[in-house]
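Remember, it's a predicted structure, so these values are computed and weren't measured experimentally.
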Amino acid sequence: MRTTPYPSMPVGRAQLIDRLDRTLQTRGRAVLTGPAGIGKTEVAQAAAAEATARGETVLWLAPQPSDRDMPGAAAAALVASVPPSALDGLPGPQRDAIAVLCREAAAPDTGWDPIALRLGLARMLRTLADGGPVLLVVDDTRHIDPDSADLLRFAFHLAPPELHVLAVETPAPYGPDAPYGDPGTGPSADSRGAADPDAAADGTPAALWVPSEADVLLVPPLQADEIAELLVQHRLASRMAGRIHQASGGNPRLALAVGRSMADSRTPVHHAEALPLSGRARDLARRMLAAAPPPVRSALLLAALALRPTASLVRRAGRPTAEAELAAAERAGLVSFTEDGAITFTAGLLPTTLVHDTCWTERSEAHTALARVVDDPVEAVRHLALATDVPDERLAAEVAAAVETVRRRGNSALAAELALLAAESTPVHLGRRRIARLAAAAEEAARAARADLAMRAAADLLARDAGPEDRVRARLAVLDTASQGLTDLDELYVHALEDSEGDPALRAAVQLRLAVKYVLADGDPVRSRAAAVESAALAQSAGDNNTAAEALTQQARMDRVLGSPDADKTLAEARELERAVRPLGVRNSAQILTIRHALFDDRLAEARDEINALLPLVERRGTVEDTIELLHTLAAVEARRGQCAAGLQHAHRALALTLEAGLSPGPAWYTLAITETAGGSFARALRYARRSAQASEEEGDNVFLSRALYALGRVQLVTGDVAAAVETLRRVQEGERRQGTVDPSMLRWHEELAEALLAADAREEAESLVAEVRPVAERLGRTTVSLGLDRAYAQCLAAAGKPEEAAGLLAATAERFAEHGLVLEQGRCLIALARVERRRRRRSAAQQALNAAAAVFERAGAAPWLDLVAESPARAESAPAGAAGALSRLTEAEVRLARMVGQGASNQEAAARLYLSVKTVEARLTRIYQKLDVRSRAQLATVINQARPGRAGAAGADDLA
């Protein structure tokens with residue numbers, strides 16, 4: 001009997017718990033079902049917690065596996081869990097029968113009175129329900145003994161409507177007697193959970209009632225993004241969320257086991273194989289597979305080895321009863337079928353574990369059988385190569401030729417696999433040919449972002465007598481698959497520099513990777529620029545225009561960061577070289593950087609048009625990383641120009657591709673934080689920003705860490721968490737200054753920090769920050785940066801007692817933002833203008849500004865901003881006029897302090913939260929008391945409670961109308 005329900009909401013289960021609650025309230029019964037580890041118990045615990053919060057009595061019955069063979073064990077546990085008062089009114093025979101049950105848990109023929117016991121349990125539950133609603137959770141019905149199941153069925157049949165019952169069941173994968181788990185005998189064949197009531201002893205869930213379809217709720221797998229959130233909650237590395245989701249199939253228990261296996265392996269994530277096959281994760285996968293009978297397991301092995309498995313293919317490969325075997329596996333939750341008949345394993349760890357645990361002879365026979373029946377020559381040669389462990393040059397050459405075919409089809413992952421297979425199939429006596437193929441395989445793996453294959457190829461090559469060029473190629477391929485995670489790779493850079501000595505082309509390639517590392521991992525744009533300059537010079541001397549273009553692009557990127565006026569000139573030079581060499585990818589190209597610069601400069605229509613012209617080509621012929629890069633940029637452009645729905649769509653697509661490819665989700669989460677702030681939800685934006693910051697910290701990615709913190713601080717400011725916003729944005733400020741970032745257009749934290757400081761009553765510091773940044777923005781021609789600074793400065797003017805001047809500047813700034821197509825920034829200006837007008841007691845002008853802001857946000861689809869504005873008029877209308885008028889006499893900082901104190905905060909607590917001294921708080925409270933004509937904290941709390949609650953954020957809409 002569990003006495004304390006689960007205290008928090010399980011990840012990704014809010015809607016399911018709502019459905020469960022509605023089912024219990026309307027029908028009084030519910031069955032939670034799903035495979036082991038899917039999170040049924042956590043959902044039930046959350047439902048129990050909500051019932052407890054509503055004042056309901058919650059009983060938790062959790063029979064153990066050993067209870068199945070103990071008659072009456074579950075019923076006795078239920079009796080033991082109820083208050084003794086529930087038994088007081090029972091007639092003597094019923095009380096005696098229950099006493100015997102609890103004392104002996106014996107079989108009925110040794111003393112139970114079956115009729116009295118049934119009636120006693122039913123009356124006990126009715127008495128308990130007379131005191132109010134009762135929720136009884138039975139977790140896990142598989143372990144209920146048959147006698148208890150019979151008693152509970154009778155009691156539930158007579159129970160009053162106030163007794164709600166939630167049964168948690170895990171369907172048995174295969175019936176005990178049927179071949180391959182025939183659905184006629186399986187416990188959940190009709191998908192409703194109905195089973196033989198007396199079958200609990202063999203692991204089949206005991207049916208406590210005959211449920212209808214409406215009673216049964218299937219707990220679904222978590223989505224990839226929810227797996228990421230789960231990993232964050234459990235303090236596990238989130239950057240591998242996509243691969244962990246693929247490995248676990250969204251099963252939370254399996255996902256956490258994989259995450260912990262990776263953490264325990266102590267292997268850097270970018271060095272790791274696709275997924276670890278050890279520890280708890282492997283044990284869980286084996287347990288899931290263990291219930292499969294040998295014929296089903298043989299069919300599953302063929303499906304695991306095939307590239308495009310179908311029941312027909314498995315049958316032709318030697319399993320004449322494939323359909324029945326695979327249908328049994330489907331009922332067991334091991335595989336599913338797509339509409340076109342393709343077989344998909346429910347968790348990626350299942351086929352890898354199955355293949356790993358199968359002996360070589362059986363695997364070889366399966367590959368040979370598949371090679372005979374597949375209809376694609378590429379697949380046939382792959383199976384033939386995998387069916388033998390004897391190197392064969394003829395076969396290796398066929399596999400190598402297949403690489404180009406697969407690459408033309410756009411399947412970069414298969415191309416990488418085949419390239420490595422060709423190298424490993426090459427006879428040892430052809431040493432130079434094997435080394436060349438290993439180097440090519442490493443580069444193919446880099447193009448496919450397959451770090452595991454790149455590492456395998458590089459490790460094999462570096463163990464042989466390879467020349468410097470091949471060693472450098474292999475090491476650079478490994479570096480290129482590290483994505484954002486470039487920490488812990490210093491040894492690779494050192495060896496690559498040694499091997500490239502005396503070869504300008506190789507040296508240029510190494511310096512180019514160092515240039516990227518210096519800025520991402522080390523946060524040193526000066527050093528990055530120097531390495532890029534050296535790389536460009538070396539590449540041009542060697543006639544390598546492709547590397548020269550990439551190096552000049554990196555130089556231009558650092559020039560922009562450092563505020564150099566030569567950035568555009570260098571970028572134009574890179575773009576000219578790039579047009580001549582026509583690089584394969586765009587992710588680090590001059591073309592995409594040109595688009596990014598247009599975004600930074602708010603030349604948004606130009607950026608959007610270039611991306612829309614490029615994106616279809618990249619989607620057809622480019623890498624997934626190129627597509628993701630373009631989608632990131634397009635999402636940011638659309639959000640910036642007020643096309644909020646389009647921005648969100650592109651950002652979510654970028655995240656889906658990122659997780660599917662197993663890439664770091666940090667950049668994708670940052671983009672989602674930005675687009676959710678514009679047109680989605682401030683709450684979701686906060687979550688994505690925090691996730692992005694965590695992933696970036698895990699990888700040592702300073703660039704995206706600053707971006708994530710900027711996104712986080714911006715939302716904290718808007719939603720009124722001023723103290724947190726100041727702290728977060730100060731971290732951005734410190735990081736950017738530590739890195740020597742000069743150009744204020746790339747990450748516009750300056751205006752946000754200035755507004756946060758102003759809201760925290762640090763006006764002088766806010767004015768100083770604006771004065772520091774403005775000359776830089778004007779020197780570099782960053783017009784829209786200056787407009788953001790104008791908005792912050794206008795609010796400083798208002799705080800300094802110059803509301804008329806502030807209102808004029810805000811109105812003009814709003815118009816100029818509109819001229820540049822920055823409608824969300826225009827709306828923010830109008831919100832600030834409304835606040836200033838209200839402080840001037842110009843309520844009509846304030847309402848007019850608010851209405852204009854609402855119209856702007858509505859046209860843009862900026863839902864969170866529209867909600868922010870829409871809250872104010874309704875609250876103003878419902879608030880007592882006297883209280884609202886009283887608060888209008890206070891400054892924003894005073895309102896914030898008044899609310900904290902009115903809610904019970906001490907002077908010390910308020911000072912800590914507002915980043916003020918205690919003396920400042922005391923002086924400000926004195927002014928508040930004078931303005932509100934109150935003499936105590938109690939009187940202050942009364943005024944605050946009568947006025948409407950609201951946000952204290954610098955951009956908030958409270959107290960505006």
ask   = Is a side-chain donor-acceptor pair under 3.5 Å present for Glu550 with Gln554?
value = no
ask   = Looking only at heavy atoms, which two atoms of Leu769 and Ala754 are closest? And how far apart?
value = CD2-N, 3.8 Å
task = Find out whether Leu712 and Arg690 are in side-chain contact, i.e. whether some heavy atom of one side chain is under 4.5 Å from a heavy atom of the other.
result = yes
Closest heavy-atom pair and its distance - Ala651, Thr675 = CB-OG1, 3.4 Å
inquiry  = By the side chain to side chain donor-acceptor pair (under 3.5 Å) test, which pairs, at least two apart or in different chains, include something from residues 634-646?
reply    = Asp602-Arg640, Arg608-Glu638, Glu638-Arg641, Arg640-Glu825
ask   = What pairs with Val618 under side-chain contact (heavy atoms from CB on, under 4.5 Å), at least two apart in sequence or on another chain?
value = Val586, Leu614, Asp626, Thr627, Leu630
inquiry  = Using modelled atom types and a 3.5 Å cut-off, is there a donor and acceptor pairing between side-chain atoms of Ser589 and backbone atoms of Ile592?
reply    = yes
ask   = Do the non-hydrogen side-chain atoms of Val494 and Glu491 ever get within less than 4.5 Å of each other?
value = no
ask   = When you measure from the side chain of Gln540 to the backbone N and O of Asn545, does any donor-acceptor pair fall under 3.5 Å?
value = no
inquiry  = Taking the six-membered ring of Phe704 as reference, does the cationic atom of Arg707 (NZ for Lys, CZ for Arg) lie under 6.0 Å from its centre and within 45° of its axis?
reply    = yes
query = Sub-3.5 Å donor-acceptor pair from the side chain of Asp522 to the main-chain atoms of Asp524, do we have one?
reply = no
ask   = Taking it one step at a time, do Glu752 and Arg730 satisfy salt bridge (Lys or Arg N to Asp or Glu O under 4.0 Å)?
value = CA-CA 10 Å; Glu752 308 294 352; Arg730 281 196 193 281; over 6 Å; no
Residues that Glu501 engages under salt bridge (Lys or Arg N to Asp or Glu O under 4.0 Å), provided they are two or more places apart = Arg507
request  = Check the pair Leu634 / Asn612 against side-chain contact (heavy atoms from CB on, under 4.5 Å), numbers first and verdict last.
outcome  = CA-CA 8 Å; Leu634 185 56; Asn612 285 336; 3.8 Å; yes
inquiry  = If we ignore hydrogens and angles and just use 3.5 Å, is the side chain of Trp669 paired with the main-chain N or O of Gln694 as donor and acceptor?
reply    = no
request  = Tell me, please, which residues at least two apart from Leu514 pass side-chain contact (heavy atoms from CB on, under 4.5 Å).
outcome  = Tyr493, Leu497, Val510, Gln511, Lys517, Tyr518
ask   = Between Leu648 and Gly679, which heavy-atom pair has the shortest distance, and what is it?
value = CD1-O, 3.5 Å
task = Verify the neighbour count for atom CZ of Phe817: are there more than 12 heavy atoms of other residues, nucleotides or ligands below 6.0 Å?
result = yes
key: Distance, nearest 0.5 Å, that separates NE2 of His495 from OG of Ser500   = 12.5 Å
remark   = Residues at least two apart in sequence or cross-chain that pass side-chain contact (heavy atoms from CB on, under 4.5 Å) with Gln649, listed by chain then number, are none
message = Is there a side-chain contact between Val526 and Gln739 in this structure, where contact means two heavy atoms from C-beta onward sitting under 4.5 Å apart?
response = no
key: Donor-acceptor contact below 3.5 Å, side chain Ser535 vs main chain Ala531   = no
remark   = Residues at least two apart in sequence or cross-chain that pass side-chain contact (heavy atoms from CB on, under 4.5 Å) with Glu610, listed by chain then number, are Arg575, Ile595, Glu606
task = Applying salt bridge (Lys or Arg N to Asp or Glu O under 4.0 Å), name anything that partners Glu767, two or more places apart in sequence or on another chain.
result = Arg763
key: Side-chain donor-acceptor contact under 3.5 Å, Glu778 with Ser786   = no
Just list the side-chain donor-acceptor pairs under 3.5 Å for residues 797-809, sequence neighbours left out, or say none.
none

Residue pairs fulfilling salt bridge (charged side-chain N to carboxylate O under 4.0 Å, His left out) with at least one residue in residues 668-686, sequence neighbours excluded = Glu676-Arg684
request  = Ignoring hydrogens and angles, tell me if any N or O in the side chain of Thr728 forms a donor-acceptor pair with the backbone of Gly713 under 3.5 Å.
outcome  = no
key: Check: Ser696 side chain, Ser692 main-chain N or O, donor-acceptor pair, under 3.5 Å   = yes
query = Would Ser706 and Leu747 count as a side-chain contact (heavy atoms from CB on, under 4.5 Å) if you check the C-alpha gap in whole Å, the side-chain angles of each, and the deciding distance to 0.1 Å?
reply = CA-CA 8 Å; Ser706 288; Leu747 198 62; 4.0 Å; yes
Nearest heavy-atom neighbours spanning Val742 and Gly563 = CB-N, 3.9 Å
key: Distance, nearest 0.5 Å, that separates OG1 of Thr594 from CG of Leu571   = 4.0 Å
query = Do the side-chain N and O atoms of Asp721 and Thr719 include a donor-acceptor pair separated by under 3.5 angstrom?
reply = no
query = So, the side chain of Asp743 versus the backbone of Val561: is there a donor-acceptor pair under 3.5 Å, distance only?
reply = no
query = Do Val785 and His750 pass the side-chain contact (heavy atoms from CB on, under 4.5 Å) test, and can you show the C-alpha distance, the side-chain angles, and the key distance before you say yes or no?
reply = CA-CA 9 Å; Val785 172; His750 314 79; 5.7 Å; no
inquiry  = Show the nearest heavy-atom pair for residues Ala539 and Ala508, with the distance to one decimal.
reply    = N-CB, 3.6 Å
inquiry  = With a 4.5 Å cut-off on side-chain heavy atoms, are Val516 and Leu520 touching?
reply    = yes
remark   = Contacts of Arg774 meeting salt bridge (Lys or Arg N to Asp or Glu O under 4.0 Å) (sequence neighbours excluded), chain-then-number -> Asp790
ask   = Where do Asp480 and Arg513 land on the salt bridge (Lys or Arg N to Asp or Glu O under 4.0 Å) test, with the steps shown first?
value = CA-CA 8 Å; Asp480 289 345; Arg513 271 68 173 192; 2.8 Å; yes
inquiry  = Main chain of Asp544, side chain of Thr547: is a donor-acceptor contact present, judged purely on distance under 3.5 Å?
reply    = no
message = Using only atom types and a distance under 3.5 Å, with no angle test, would you say the side chain of Arg596 pairs donor to acceptor with the backbone of Ala607?
response = no
key: Partner residues of Thr671 under the side chain to side chain donor-acceptor pair (under 3.5 Å) criterion, sequence neighbours left out   = His632
task = State, yes or no, whether a side-chain contact exists between Leu753 and Val732 at a heavy-atom distance under 4.5 Å.
result = no
key: Atom pair CG (Asn588) and CG (Leu512), whose distance is rounded to the nearest 0.5 Å   = 8.0 Å
request  = Only one of Arg714, Arg828, Arg791 passes side-chain hydrogen bond (donor to acceptor under 3.5 Å, both in side chains) with Glu751; say which it is.
outcome  = Arg791
Closest non-hydrogen atom pair between Ile831 and Ala853, with its separation = CG1-CB, 4.2 Å
query = Hey, does Cys644 have a side-chain heavy atom less than 4.5 Å from the side chain of Leu824?
reply = yes
ask   = Should Phe857 and Val823 count as side-chain neighbours, where that means a heavy-atom distance under 4.5 Å?
value = no
message = Rounded to the nearest 0.5 Å, what separates atom CG in Leu709 from atom CD in Glu734?
response = 10.5 Å
inquiry  = I'd like to know whether Glu755 forms a salt bridge (Lys or Arg N to Asp or Glu O under 4.0 Å) with Arg748, so could you lay out the CA-CA distance, the side-chain angles of the two residues, the decisive distance to 0.1 Å, and finally the verdict.
reply    = CA-CA 12 Å; Glu755 291 193 28; Arg748 304 190 181 196; over 6 Å; no
message = Quick one, Leu780 and Pro744 - any side-chain contact, counting heavy atoms below 4.5 Å?
response = yes
Those residues that, when tested against Asp601, pass salt bridge (Lys or Arg N to Asp or Glu O under 4.0 Å) (two or more places apart) = Arg560, Arg603, Arg782
